[in-house]
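Index from 1, following the sequence.
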Amino acid sequence: MDYHFKEFFHEFSEDLPTGNFHKVIALHEAPDITWKSISEQVPSLSRAWFELAQLTKQDRIEFLNEYWQSKLPYHHNLSDFLTNFFGRLDEIGIFITQKKFDDPFEAQLVYSLTGDSGFYRGAPPASEVEIQELQASFSDVILPQDYLTFLQIHNGFFKTTDSTGLTTALEMKKCYDDFQEMFKDQGTIYTQNNQPVNPNTLIPFYKSFGMPFYQCFWSEWYPENEMGVVYFSETTKTVSDVSDGGTTFEHLCFPTFTDWLIFYLEPIDS
């Protein structure tokens, strides 16, 4: 198991004041905990995640690989990529955490990569109501189906200790409004090849941890019948150059959310 993973899920105490949580329960390592007791303690925990914790480590990995494969819409690179991604995991843990003494408990799945090469944390899935409310908040556009589907797997997804990561359905509209606030005195921004862009057409769904860099859906770019993904730098006030019309790692633009997700899940040590 990744050593960063172990460090992150430490409880703080007099001996370890730098711990991240008041309380941590590794549900997959607690076979004596009953559904009745844990569901009362953590109302947001789904029965499916509780039952997942009862499986063996290998069964958890195989089950979630199959679940992601069946849930996400077809993409020509996705199946092989997910097989490889889940094949590189040495653990999928179900953690219950409490940040401070009087905070509510939260559940998350943690995907640990072999060779101390990092981990990912996934929040519980969004409900149908949350998805509907999210789409209603952006009624002028149709949000990409693969993005909405991924929110039904994890409504919030983070690489290692990143505290921003993939924006949750509940936070999406506020993040958009805050993003637009940056441009209230600047009507137009530009692509990297100096083409004008209306900031209102950019919908940020991911912000780099501690950095003013965003991945956004762009409602003026539909490379594969749905909004493509572009990179925006607050530092340079520029958007990806999409003139080549396809995935460009150099400019961090992607024709679909799935292409971006594959990029995000690439091995951290690669």
Side-chain angles (χ1 to χ4, degrees), residues 72 120-123 125-126 130-193 195-242 246-266:
L72 292 169
Y120 295 84
R121 297 177 290 119
E130 289 173 319
I131 297 294
Q132 291 168 1
E133 290 177 349
L134 170 61
Q135 183 59 76
S137 296
F138 295 92
S139 57
D140 292 340
V141 299
I142 298 176
L143 294 169
Q145 186 57 50
D146 53 354
Y147 164 69
L148 297 177
T149 300
F150 186 77
L151 290 179
Q152 296 173 50
I153 298 174
H154 288 301
N155 184 21
F157 195 70
F158 317 89
K159 183 181 290 188
T160 60
T161 59
D162 185 352
S163 62
T164 49
L166 188 70
T167 304
T168 67
L170 182 63
E171 297 169 331
M172 189 78 163
K173 183 59 166 62
K174 181 180 185 305
C175 288
Y176 174 79
D177 292 340
D178 290 344
F179 182 80
Q180 297 304 323
E181 189 69 17
M182 292 191 294
F183 309 108
K184 62 180 181 180
D185 298 321
Q186 180 180 355
T188 304
I189 55 180
Y190 295 88
T191 65
Q192 293 163 341
N193 61 337
Q195 297 300 307
V197 175
N198 180 348
N200 292 338
T201 63
L202 298 175
I203 304 173
F205 65 85
Y206 172 84
K207 181 180 179 181
S208 296
F209 179 51
M211 303 292 287
F213 307 134
Y214 302 80
Q215 296 286 167
C216 308
F217 297 122
W218 188 16
S219 65
E220 292 186 347
W221 187 46
Y222 286 76
E224 294 192 11
N225 300 320
E226 291 192 302
M227 285 190 290
V229 173
V230 292
Y231 171 83
F232 172 76
S233 167
E234 185 181 343
T235 304
T236 62
K237 298 292 193 297
T238 57
V239 174
S240 301
D241 172 13
V242 299
T247 301
T248 307
F249 289 169
E250 179 184 357
H251 300 301
L252 296 177
C253 60
F254 306 90
T256 68
F257 171 80
T258 298
D259 287 297
W260 174 83
L261 180 63
I262 288 173
F263 168 80
Y264 190 61
L265 291 174
E266 286 287 355

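Under a 3.5 Å cut-off, the side chain of S233 and the backbone N or O of T236 do form a donor-acceptor pair. At least one donor-acceptor pair closer than 3.5 Å links the side chain of S240 to the backbone N or O of Y231. The backbone N or O of A123 sits less than 3.5 Å from a side-chain atom of H154, completing a donor-acceptor pair. Side-chain atoms of E226 do not come within 3.5 Å of backbone N or O of T256 as any donor-acceptor pair. Distance alone, capped at 3.5 Å, places no donor-acceptor pair between the E234 side chain and the K237 backbone. Y264 contributes no side-chain N or O that, together with a main-chain N or O of G165, makes up a donor-acceptor pair within less than 3.5 Å.
For F232 and F183, the distance between ring centers is under 6.0 angstrom.
Atom CG of L170 sits about 8.5 Å away from atom CD of E133, to the nearest 0.5 Å. Of the inter-residue distances, the one linking E130 atom CD with L151 atom CG reads 9.0 Å to the nearest 0.5 angstrom. Here the straight-line distance linking atom CG of L134 with atom OG1 of T168 works out to 9.0 Å at 0.5 Å rounding. Expressed to the nearest 0.5 Å, how far CG of L166 lies from OH of Y147 amounts to 5.5 Å. To the nearest 0.5 angstrom, F157 atom CZ is 7.0 Å from L261 atom CG.
Within 6.0 Å of CG on D177 lie more than 12 heavy atoms contributed by other residues, nucleotides or ligands.
Across all non-hydrogen atoms, the minimal contact from Q180 to P199 is NE2-O, 2.9 Å. Between N155 and P125, the shortest heavy-atom contact is CB-C, 3.8 Å. Residues S137 and K173 share a closest heavy-atom pair of O-CE, 3.7 Å. In this structure, C216 and F179 approach most closely via the heavy-atom pair SG-CZ, 4.1 Å. Between T201 and E220 the shortest heavy-atom distance is CG2-OE2, 3.6 Å. Closest heavy-atom contact between D241 and Q192: N-OE1, 3.2 Å.
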Please walk me through it: do L252 and F263 pass side chain to side chain contact (heavy atoms under 4.5 Å, CB included)?
CA-CA 9 Å; L252 296 177; F263 168 80; 3.4 Å; yes
Candidate pair Q195 and Y190, rule side chain to side chain contact (heavy atoms under 4.5 Å, CB included), full reasoning
CA-CA 5 Å; Q195 297 300 307; Y190 295 88; 6.0 Å; no
Would you please test F217 and F138 for side chain to side chain contact (heavy atoms under 4.5 Å, CB included) and show each step?
CA-CA 12 Å; F217 297 122; F138 295 92; over 6 Å; no
Could you please spell out the steps behind the side chain to side chain donor-acceptor pair (under 3.5 Å) verdict for T149 and D146?
CA-CA 5 Å; T149 300; D146 53 354; over 6 Å; no
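Annotation: side chain of T191 is not in contact with side chain of V230 (no heavy-atom distance under 4.5 Å). Between Y214 and S208 the shortest side-chain heavy-atom distance does not fall below 4.5 Å. In this structure the side chain of I203 reaches within 4.5 angstrom of the side chain of M172, judged on heavy atoms. The closest side-chain heavy-atom distance from V239 to L202 is below 4.5 Å.
The pair K174-E171 does not count as a salt bridge, with every side-chain nitrogen at least 4.0 angstrom from each carboxylate oxygen.
Between F257 and F150, the ring planes are tilted. Angles from 30° to 60° get that label.
With respect to V229, the side chain to side chain contact (heavy atoms under 4.5 Å, CB included) criterion is satisfied by exactly one of W221, Y206, F205, W218: F205.
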